Amino acid sequence: MASLVRLTALALARALQVGQRTPDGMAARIRACLGAEASWCGPLVERCAGMAGERWRRLSVRSLADLIERDQGFHFAWIAHEPPTVRRYLLREADRMNPLPLGLDRCQVPFWPHAGALAAWLGISPGGLWRLTRPSDWQRRSPMVEQHYRSHLVAKRTGGWRLLEVPEPYLMPLQRRVLDDLLDRIPPHEAAHGYTRERSVVDHARRHCGQAVVLRFDLKDFFTAVKASRVHALFTTLGYPEEVARALAALCTVATPEPVLRRLHAEGGMDWERVQRLRDPHLPQGAPTSPALANLCAFGLDVRLASLAGSLGARYSRYADDLVLSGPAQLRAAFARIERHVGRIVSEEGFALNPRKTRCTGAGRRQTVCHVVVNDRPNLPRDEFDRLKAILHQCVRDGPATQNRENRPDWRAHLRGRVAWATQLNAAKGARLARLFDQIDWAG
């Protein structure tokens, strides 16, 4: 019975979306679909006709069918002597893209009115696109040789393990095209500083320099928390029809295969709750599209936290999973209340805080943002500068090979990068380190 009700609601949803959104036209299409008068449909068509145009354009067949199933008249029609019976299916008009939402209307996005157009743009066949976007339950249970990602466990510097899910060589370039030609054209919230071309970690740190109090929060499993449903909703918001949004979401998310899940639990030290989260389709850490998608899916989070900071007379910015609020000394006294507010907002937006990394630091102590000291201006921590200076000095005196204790494959490039990072934060200190670096005899 339940499946018949659902199928009827889907048929009526297709009928409602075919033609003009007027009460008479919608009622006529319902009659044509059912082959009989539907006295119960009056309030339903009035409700649909009076809906805001922007909301109506973004309703998929499934979401409109959900609305129909909740309609009181439709519900009571099934209790009547002759329940609704579909006599004719009214198919939707040819798929078309919906307009971009206000504020993004000047963004130039690819025109993919149907899945065939997406496949052609990617340079693959419709069958190839189907193979890459199969349902997650099916894909997760496929043999490992048929998986589209390679899984790697990487030890975290702070302890524990991080799962990297890297796309196979045939999938990686397709995701890069989606990133370059679509996602990079959609600006994230101005508070997002990670994974954006216009802003950097130094900009993130600079925003909180010279503040009386710095509050730091950390999101737990940032990429894993972004599920395929949110990615699908994002692509729908960008105007793509249902089948295209579903294909794009499947192309950019992964459900970790069962053998990998079992190994993570048995050998990787991951608790069962975290393993369960990986079972649902999520953004893979290792795919080129994941950072941009995570930023865009966190737009609501950034809006709400920026608003909270504004109400407190504070500043807010986010670098990936690192959330920072800073401002006047009053923030310290209100820290417990602010932490509760932040935790509630984070939870309501589908993320979770890592309470072990929550910090409240006053100006009397060393304030850091992403390992950058921000008490006065962006600076390298003194102990890190001293360690790097000592390593460079030993390289000059004893040769660079003696200091490569971690056997890095390109030790010279590694040291050059660390010196460049120090120079970016503090030009004077960086110049001193650069002079030592130039004295190293790499040929010896």
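The structure displayed is predicted, hence computed values, not measured ones.
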Would Val166 and Tyr149 count as a side-chain contact (heavy atoms from CB on, under 4.5 Å) here? Give the steps. CA-CA 5 Å; Val166 182; Tyr149 293 82; 5.9 Å; no
Trace of the side-chain contact (heavy atoms from CB on, under 4.5 Å) decision for Asp386 with Arg382: CA-CA 6 Å; Asp386 291 341; Arg382 179 61 182 269; 3.4 Å; yes
Under the criterion side-chain hydrogen bond (donor to acceptor under 3.5 Å, both in side chains), I'd like the reasoning laid out for Arg365 against Gln367: C-alpha separation, chi angles, the key distance, then a yes or no. CA-CA 6 Å; Arg365 300 175 59 191; Gln367 299 170 325; over 6 Å; no
Salt bridge (charged side-chain N to carboxylate O under 4.0 Å, His left out) between Glu190 and Arg199, intermediate numbers included: CA-CA 9 Å; Glu190 61 183 11; Arg199 298 181 285 272; over 6 Å; no
Trace of the side-chain hydrogen bond (donor to acceptor under 3.5 Å, both in side chains) decision for His193 with Glu198: CA-CA 8 Å; His193 286 69; Glu198 298 82 7; over 6 Å; no
Mind running side-chain hydrogen bond (donor to acceptor under 3.5 Å, both in side chains) on Arg397 and Thr402 for me, showing each step along the way? CA-CA 10 Å; Arg397 192 182 70 177; Thr402 62; over 6 Å; no
Step-by-step salt bridge (charged side-chain N to carboxylate O under 4.0 Å, His left out) determination, Asp181 to Arg176: CA-CA 8 Å; Asp181 293 345; Arg176 288 196 184 280; over 6 Å; no
What do the steps show when you test Tyr319 against Asp203 for side-chain contact (heavy atoms from CB on, under 4.5 Å), and what is the final call? CA-CA 10 Å; Tyr319 190 90; Asp203 298 319; over 6 Å; no
One pair to check against side-chain contact (heavy atoms from CB on, under 4.5 Å): Val324 and His204. What are the steps and the verdict? CA-CA 9 Å; Val324 182; His204 173 56; 3.7 Å; yes
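Shortest non-hydrogen contact noted between Ser60 and Ser63 is N-OG, 2.8 Å. Between Ala9 and Ile68, the shortest heavy-atom contact is O-CD1, 3.7 Å. Between Ser317 and His208, the shortest heavy-atom contact is OG-NE2, 2.7 Å. Considering every non-hydrogen atom in both Ala298 and Arg318, the closest pair reads CB-NH2, 3.9 Å. Between Arg140 and Asp137, the shortest heavy-atom contact is NH1-OD1, 3.3 Å. Here the closest heavy-atom approach between residue Leu100 and residue Leu238 is recorded as CD2-O, 3.3 Å.
Although no hydrogens or angles enter the test, the distance criterion places a donor-acceptor pair under 3.5 Å between the side chain of Gln17 and the main chain of Leu59. Put simply, the side chain of Gln175 never gets that close to the backbone of Cys252: no donor and acceptor are under 3.5 Å apart. Judged by distance alone, with hydrogens and angles left aside, the side-chain atoms of Arg207 form a donor-acceptor pair with the main-chain N or O of Tyr316 at under 3.5 Å. With hydrogens and angles ignored, the 3.5 Å screen pairs no side-chain donor or acceptor of Arg366 with any backbone N or O of Ala363. Using a distance-only test at 3.5 Å, with no hydrogens or angles considered, a donor-acceptor pair links the side chain of Arg185 to the main chain of Gln108. A donor-acceptor distance shorter than 3.5 angstrom exists from the side chain of Arg230 to the backbone of Cys297, with no hydrogens or angles considered. Checked by atom type and distance alone, the side chain of Asp221 never pairs as donor or acceptor with a backbone atom of Ala225 at under 3.5 Å. At least one donor-acceptor pair under 3.5 Å links the side chain of Arg21 to the backbone N or O of Ala49.
Between the CD atom of Gln139 and the CD atom of Glu146 there is a distance of 7.5 Å, given to the nearest 0.5 Å. Atom CG of Leu174 and atom CG of Leu129 lie 9.0 Å apart (nearest 0.5 Å). Between the CG atom of Leu380 and the CZ atom of Arg387 there is a distance of 9.0 Å, given to the nearest 0.5 Å. For the atom pair CG (Leu296) and CG (Leu234), the distance works out to 5.5 Å, reported to the nearest 0.5 Å. Atoms CG and CH2, on Leu64 and Trp56 in that order, are 5.0 Å from each other to the nearest 0.5 Å. The CG atom of Asp280 lies 9.5 Å from the OG1 atom of Thr256; values are rounded to the nearest 0.5 Å.
Residues Glu165 and Gln285 form no side-chain contact, since every pair of their non-hydrogen atoms from C-beta on lies 4.5 Å or further apart. Side chains of Ile338 and Leu215 form a contact here, defined as non-hydrogen atoms less than 4.5 Å apart. Residues Gln424 and Val419 are not in side-chain contact: their nearest non-hydrogen atoms beyond the backbone lie 4.5 Å or more apart. Residues Ser151 and Leu164 form no side-chain contact, since every pair of their non-hydrogen atoms from C-beta on lies 4.5 Å or further apart. Here the side chains of Phe217 and Leu325 are in contact, with some heavy-atom distance below 4.5 Å. In this structure, the side chains of His232 and Thr253 stay at 4.5 Å or more apart for every pair of heavy atoms. In this structure the side chain of Phe223 never reaches within 4.5 angstrom of the side chain of His282, judged on heavy atoms. Counting heavy atoms from C-beta on, the side chains of Leu388 and Leu415 come closer than 4.5 Å.
Of the options Glu242, Glu243, Glu69, a salt bridge (Lys or Arg N to Asp or Glu O under 4.0 Å) to Arg62 is made by Glu242 and by none of the others.
Checked against a 6.0 Å centroid threshold, the rings of His189 and Phe299 count as neighbours.
Aromatic ring orientation, Trp442 versus Phe437: tilted (interplanar angle from 30° to 60°). In this structure, Trp138 and Trp130 have perpendicular ring planes: the angle between them is above 60°, well past the 30° mark. Ring orientation note: the planes of His414 and Trp411 are close to parallel, at an angle under 30° on the 30°/60° scale.
Considering only residues two or more places apart in sequence or on other chains, Trp121 meets the ring-ring contact (aromatic ring centres under 6.0 Å, His included) condition with Trp112.
Counted by atom type alone, Arg274 and Thr224 present zero donor-acceptor pairs between their side chains at under 3.5 Å.
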Listed pairs under 3.5 Å, donor-acceptor, residues 343-353 side chains, sequence neighbours left out:
from   : atom 1 : to     : atom 2 : distance (Å)
Arg344 : NH2    : His341 : ND1    : 3.1
Glu348 : OE1    : Arg304 : NH1    : 3.0
Glu348 : OE1    : Arg304 : NH2    : 2.6
Glu349 : OE2    : Arg304 : NH1    : 3.2

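Counting heavy-atom neighbours within 6.0 Å of Lys389 NZ, excluding the residue itself, gives a total of 12 or less.
Salt-bridge check for Arg416 with Asp438: failed, with every basic side-chain N at 4.0 Å or more from each acidic carboxylate O.
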